[in-house]
Amino acid sequence: MSTEYRYIGKPIPRKDAAEIVTGRAQFTDDIKFPNMLYAKILRSPYAHANITSIDTSKAEALPGVKAVLTYKNAPNWMTGTPAMFKTLDSKVRFVGDPVALVSAETEEIAVKALDLINVQYEVLPAVFDSTEAVKAGAPQLYADIPNNTLPRGMPLMGPKALQEIVRGDTEKGFTEADFIDEGTYAYENMPSPNPPETPACIALWENPNKLTVWLGSQGPFLTKMEALGMTGVTPPVNMHVINTHCGGSYGTKNTTGVHFYAPVLLAKAVPGRPVKLVYTKEEHIATFVLRLGFNFSAKVGMKKDGTLTAITGSALVNAGSWNSMSQGQIAVGCGEMQLMANTCENWNLQPSGVMTNRNAGGIVRGFGGQELKSAFIPLLMLTVAKAGLDPVEFFKKNFCKPGGGFFWRDGIWYVSRGQDYSNAMDEGARVFGWKDKWKGWLTPTSVNGTKVRGVGVGVHGNADVGEDSSEAWVTLYPLGNATLFAAVPEFGTAQRNSVAKMVAEILNLPFDNVDVAPCDTELVPYDFPVVGSRGTYACGSAACSAAQSAKTQLLELAATIMHAKPEDLDTMDGMIFAKAKPDVRIPWIAFMGMDSTITGKGRFDHDYTMPNFMMVYAEVEVDTETGKVDVIEFVVASDPGTTIDPIAVRMQLQGDLGSAGLDTAVFEETVLDRTAAVGRILNCNMIDYKWRPFNELPIFDQALLQTPLAHSHIFHAIGLGEIACAPGPCAALMAISNALGMRVYDYPMTPDKVLKALGKI
Amino acid sequence: MFNTTKPFFFFGNLILSEPKEEPETKKESKTRISRRQFVGGAVVAAAGVAAGAAVGSELFPRTAEVPAGVTTGVTTGVQVPPSTLKMNVNGKPYELIIGKDVKVYDTLAYTLRETLGLTGTKVACNEGACGVCTVLMNGKPIVSCTTLTADCEGASITTIEGLEDPNTMKLSPLQQAFVDNSAFQCGFCTPGIIMSSKALLDANPNPTEQDVGEALSGNFCRCISHYQVVKAVMAAAGKG
């Protein structure tokens with residue numbers, strides 16, 4: 001790096017580190033109020049049914065029960081996108097759909113009350129797969145969603161939100177192709193991202209116009225925005241959101257669904273008393289949001305040199321039984337397709353969001369990108385293999401480069417001003433040893449008795465690193481310290497710390513002298529949540545411009561008193577000095593006095609011209625006797641510009657394995673009981689839902705270039721954490737196929753599927 | 001028996017409504033083992049899946065009732081002093097009245113968090129499978145969510161709150177190593193991981209990386225902080 005920074009690029013322990021390692025960090029369930037009530041939810045045992053009668057009288061009569069809400073007496077608020085999903089309905093649409101909400105003086109009483117509610121159902125036929133749900137005669141989930149197909153459009157992303165890709169002349173494109181292949185590939189594990197902390201929320205209505213909510217999400221203002229869709233939380237109601245420490249989210253806790261509105265509705269029934277809802281782990285896996293299902297049928301045309309000539313097809317996106325962001329994920333996914341297949345000028349892709357009797361498909365790390373890539377890259381590779389091309393070379397040729405154009409989520413055409421990632425791909429190949437390990441399509445890297453090894457590669461990138469708007473304030477205090485006011489919560493990414501580092505760098509203050517205000521909508525200015533890897537560029541830029549504004553004001557003030565020009569002055573460690581005479585230092589208080597502060601305000605507005613990128617190289621070993629697949633090594637490559645914190649970035653890259661990422665190619669899935677249309681998740685616990693333990697860690701390495709970005713951020717950086725999982729599963733699947741010498745495409749490749757593929761069972 | 005047209009499964013603590021012809025039946029008074037009373041939660045969950053959904057309702061009832069014959073501390077007739085339970089938590093002695101401070105089905109995790117206010121111990125799966133709630137009992141790591149407080153009579157418990165110096169708030173070398181190596185992301189599973197690591201280092205001050213991996217194999221981490229955790233534990237090894 002050419003620039004020497006005081007903090008940027010250096011690892012600095014997180015400000016909340018001591019709180020984390022002592023257990024003092026306060027997560028939602030750690031908060032307790034003396035007059036708190038406890039909520040529990042009675043849930044549907046049926047995947048699809050009408051409630052024909054419901055009797056809550058006995059539950060209501062139980063001493064200690066404060067409120068029992070059903071579709072009969074709950075406010076008829078509408079949620080989701082479009083806002084057409086009732087908070088409580090007379091119809092249930094998946095196993096776990098809320099039937100009744102109860103609040104009581106203790107959790108035990110609430111649980112007991114559920115037992116006293118008598119519900120009769122008329123069971124209806126259910127449908128779980130997107131391909132079945134769109135067929136004529138399929139069970140219909142919602143009367144106003146014909147063919148179970150979600151209406152297009154995503155208000156959050158503007159009137160032209162990208163819902164399809166129609167470009168060029170596909171017929172002509174196919175005539176220009178040397179190779180054409182087509183097929184249907186799916187990624188329908190619908191795995192649970194399963195953060196360790198279960199969804200939890202506390203709600204309090206102090207008066208009819210004041211709602212306070214404590215919950216751990218990735219940004220309190222999204223909770224407010226999503227709640228606006230609910231008729232009950234619009235002005236004059238002021239909703240105050242206090243973002244607690246968040247025990248893992250991976251996108252999921254941005255979904256303002258049942259875990260949010262259940263305590264909000266219950267608290268409204270008993271004003272003045274906070275109501276806490278904490279999901280059990282079973283509720284979490286069985287009823288909370290999952291990754292979307294993706295079923296992709298497409299046809300690809302390609303020239304001998306890897307130039308794509310045409311892509312046509314359709315995708316069915318299984319959104320489950322409730323929807324808030326599927327259309328948004330489709331919009332971003334359409335953009336991401338063009339980033340990866342940027343040489344293609346002829347497109348006709350028609351994705352549809354489909355409702356089924358499953359958990360809601362929510363916002364999950366990758367925002368649809370992992371699901372899309374896991375289905376589409378194997379399909380695309382049919383053609384690449386036919387041409388005999390090395391996939392790394394193919395990705396290098398096709399990934400969007402500076403000057404490459406694409407429609408992004410808002411339907412507007414953008415031209416990349418970002419990085420050329422070819423070098424990062426090469427560096428990844430070098431670190432991984434790709435050239436030695438890659439033996440050609442469907443060819444194992446090595447065979448050692450029953451142990452066969454194979455390698456694969458996957459890629460992903462998106463242009464959301466500069467999505468939406470951010471605001472931030474930085475206040476300087478006379479004694480030489482500063483506070484950053486920004487809605488950047490801590491949910492694992494260390495972004496709260498990284499943004500503080502940027503402020504400390506600009507103000508040239510000791511890091512400990514920069515405090516970050518609590519993430520609370522009544523203390524900090526607006527920000528879109530920390531999603532889509534936007535923390536570094538969007539949130540960071542707003543904070544940097546606030547810090548710069550504060551610094552400018554400070555130097556201007558000092559300049560008047562010192563009879564100097566502001567540009568001839570500078571500040572360090574709470575002192576001001578003339579650049580020409582750096583030894584003479586005057587403390588801020590000499591200019592500010594005891595009784596004033598200086599506040600700089602910053603704002604960032606969206607920039608979709610800086611695509612980020614990540615490539616995962618994976619090596620697996622398959623035991624052809626037992627069918628077990630082991631991930632031996634994975635190498636993650638990227639080039640996000642200047643690294644703000646090297647350990648934080650490294651851990652984001654390692655996160656490829658977690659939150660239902662790479663391992664969904666090997667063992668992670670929700671298993672649905674399909675007998676008699678039951679539709680219940682069988683492995684909704686931490687024993688049967690498989691996860692990666694400490695004693696089975698693959699070798700990890702990274703190829704992290706740091707080519708400073710000419711545009712964008714003051715420190716020439718963009719974020720990348722959100723995309724870490726997306727390229728993993730398709731890379732591992734390719735590796736398994738190569739190890740076995742045959743194309744397999746059924747996620748996850750559990751031992752039974754491997755043995756079946758080998759013809760052994 | 002299991003009827004496909006009218007299923008009734010209650011899996012774990014997920015509470016599903018069940019259609020009832022007769023709202024109150026004798027079934028209600030059947031002896032039930034409360035979720036919290038059942039120590040071997042892991043075994044239950046495994047058995048639940050193996051045997052199918054129908055067993056779930058028996059194993060995971062919704063009410064936490066005290067089975068007949070269990071002393072609750074509530075006495076009738078003769079005045080006897082209430083039974084108490086003595087345990088030591090982080091060097092501090094506690095005497096808890098059974099039936100008042102501690103119900104017989106309270107788990108140690110519940111007592112620590114809800115009764116003693118020591119919320120540093122986190123609960124995730126609440127069935128002994130994820131290690132998030134790990135504390136030390138007489139120096140050995142245990143999952144406090146499937147340990148009954150009633151079984152802790154005379155025990156010495158160490159939680160995450162007990163590691164730093166109580167007077168100076170100076171972090172223990174192990175905690176400091178987690179800070180220095182940024183060995184956490186969301187931090188929810190960190191207290192449990194640190195407690196398992198402490199148990200390892202107390203027993204084996206110079207472990208290999210493989211030893212660390214094995215010692216922590218019961219600890220769930222979803223952010224994938226594993227690599228940094230192993231570094232932190234290795235860095236803390238031998239530092240007391």
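Each chain gets a letter, A, B and so on, in the order the sequences are listed, and its residues count up from 1.
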(request) Count the heavy-atom pairs under 4.5 Å between each of A/P698, A/A724, A/S53 and chain B, then report the option with the highest count. (result) A/P698
(request) For A/D30 and B/K122, run side chain to side chain contact (heavy atoms under 4.5 Å, CB included): C-alpha distance rounded to whole Å, both residues' side-chain angles, the deciding distance at 0.1 Å, then the answer. (result) CA-CA 9 Å; A/D30 300 335; B/K122 308 298 173 197; 2.4 Å; yes
(message) Please find the pair of heavy atoms, one from B/A129 and one from A/M686, that lie closest to each other, and give the distance.
(response) CB-CB, 3.8 Å
(message) Less than 4.5 Å to any heavy atom of chain A: does that hold for the side chain of B/Q176, its backbone, both, or neither?
(response) neither
(request) Against chain B, label A/A660 side chain, backbone, both or neither, depending on which of its atoms sit under 4.5 Å from a heavy atom there. (result) both
(message) Salt bridge or not between A/R24 and B/E161? Use side-chain N to carboxylate O under 4.0 Å.
(response) no
(message) With a 4.5 angstrom heavy-atom cut-off, is it the side chain or the backbone of A/D29 that approaches chain B, or both, or neither?
(response) both
(message) Given heavy-atom pairs under 4.5 angstrom as the criterion, report whether the side chain, backbone, both or neither of B/T190 touches chain A.
(response) side chain
(request) Report the C-alpha distance between A/F694 and B/V212 in whole Å, list the side-chain angles of each, state the deciding distance to 0.1 Å, and finish with yes or no for side chain to side chain contact (heavy atoms under 4.5 Å, CB included). (result) CA-CA 8 Å; A/F694 268 86; B/V212 177; 5.6 Å; no
(request) Taking the side chain as every heavy atom from C-beta outward, state whether A/V21 and B/I194 have any atom pair closer than 4.5 Å. (result) yes
(request) Heavy atoms only: give me the nearest B/C186-A/G247 pair and the separation to one decimal. (result) SG-C, 3.4 Å
(request) Work out which heavy atom in B/P191 is nearest to a heavy atom in A/G23; give both atom names and the distance. (result) CG-CA, 4.4 Å
(message) For A/P11, which atoms come within 4.5 Å of any heavy atom of chain B: side chain, backbone, both, or neither?
(response) neither
(message) Give me the atom names and distance for the closest heavy-atom approach of B/G187 to A/I20.
(response) CA-CG2, 3.7 Å
(message) For B/Q185, is there any backbone N or O sitting under 3.5 Å from a side-chain donor or acceptor partner on A/R14?
(response) yes
(request) Mind checking the SG-NE2 spacing from B/C125 to A/H284? Nearest 0.5 Å is all I need. (result) 12.5 Å
(message) Using 0.5 Å steps for rounding, measure from the OG1 atom of A/T22 to the CG atom of B/L163.
(response) 9.5 Å
(request) Check each atom of A/R692 against the heavy atoms of chain B and say whether the ones under 4.5 Å are side chain, backbone, both or neither. (result) backbone
(message) Looking at A/K276, I want to see if its NZ is surrounded by more than 12 non-hydrogen atoms of other residues, nucleotides or ligands under 6.0 Å.
(response) yes
(message) What verdict does the side chain to side chain contact (heavy atoms under 4.5 Å, CB included) test give for A/W691 and B/C221, after you've listed the backbone C-alpha separation in whole Å, the side-chain angles of each residue and the deciding distance to 0.1 Å?
(response) CA-CA 9 Å; A/W691 44 274; B/C221 163; over 6 Å; no
(request) Specify which of B/G162, B/G218, B/S217, B/S172 makes the most heavy-atom pairs with chain A at under 4.5 Å. (result) B/S217
(request) Could you tell me which residues satisfy ring pair (Phe, Tyr, Trp, His ring centres under 6.0 Å) with A/F700, sequence neighbours excluded, listed by chain and number? (result) A/F634, B/Y227
(request) Heavy-atom distances under 4.5 Å only: say whether B/E164 touches chain A with side chain, backbone, both or neither. (result) side chain
(request) Would you tell me whether A/E108 and B/Y105 have side-chain atoms, one donor and one acceptor, within less than 3.5 Å of each other? (result) yes
(message) Does any part of the side chain of B/I224, heavy atoms only, come nearer than 4.5 Å to the side chain of A/D656, both counted from C-beta?
(response) no
(request) Can you tell which part of B/I193 gets under 4.5 Å to a heavy atom of chain A, answering side chain, backbone, both or neither? (result) side chain
(message) Please classify the contact between A/P98 and chain B as side chain, backbone, both or neither, with a heavy-atom cut-off of under 4.5 Å.
(response) neither
(message) Looking only at heavy atoms and a cut-off of under 4.5 Å, which of B/E214, B/M169, B/H226 has the most pairs with chain A?
(response) B/H226
(message) Please classify the contact between A/I647 and chain B as side chain, backbone, both or neither, with a heavy-atom cut-off of under 4.5 Å.
(response) side chain
(message) Could you report the tightest heavy-atom contact between B/V179 and A/P13, atom names first, then the distance?
(response) CG1-CB, 3.8 Å
(message) So for A/T198, is it side chain, backbone, both, or neither that comes closer than 4.5 Å to the heavy atoms of chain B?
(response) side chain
(request) Nearest 0.5 Å please: distance from the NZ atom of A/K32 over to the OG1 atom of B/T119. (result) 9.5 Å
(message) Counting heavy-atom pairs closer than 4.5 Å to chain B, which one of A/G248, A/A648, A/P193 comes out on top?
(response) A/P193
(message) Quick check for you: among A/S659, A/P693, A/G655, which has the greatest number of heavy-atom pairs under 4.5 Å with chain B?
(response) A/S659
(request) Against chain B, label A/A494 side chain, backbone, both or neither, depending on which of its atoms sit under 4.5 Å from a heavy atom there. (result) neither
(request) Start with the C-alpha distance between B/E127 and A/K281, add both sets of side-chain angles, then the distance that settles side chain to side chain contact (heavy atoms under 4.5 Å, CB included), and finish with yes or no. (result) CA-CA 9 Å; B/E127 61 186 16; A/K281 188 51 87 176; 6.0 Å; no
(request) Identify which part of A/Y250 has an atom lying under 4.5 Å from any heavy atom of chain B, answering side chain, backbone, both or neither. (result) side chain
(request) Assess whether atom NZ of B/K92 is packed by more than 12 heavy atoms of other residues, nucleotides or ligands within 6.0 Å. (result) no
(message) Could you tell me if the side chain of A/N194 sits less than 4.5 Å from the side chain of B/F220, heavy atoms only?
(response) yes
(message) So that I can tick it off, tell me whether A/E668 and B/R222 are bridged by a salt bridge, with the cut-off set at under 4.0 angstrom between side-chain N and carboxylate O.
(response) yes
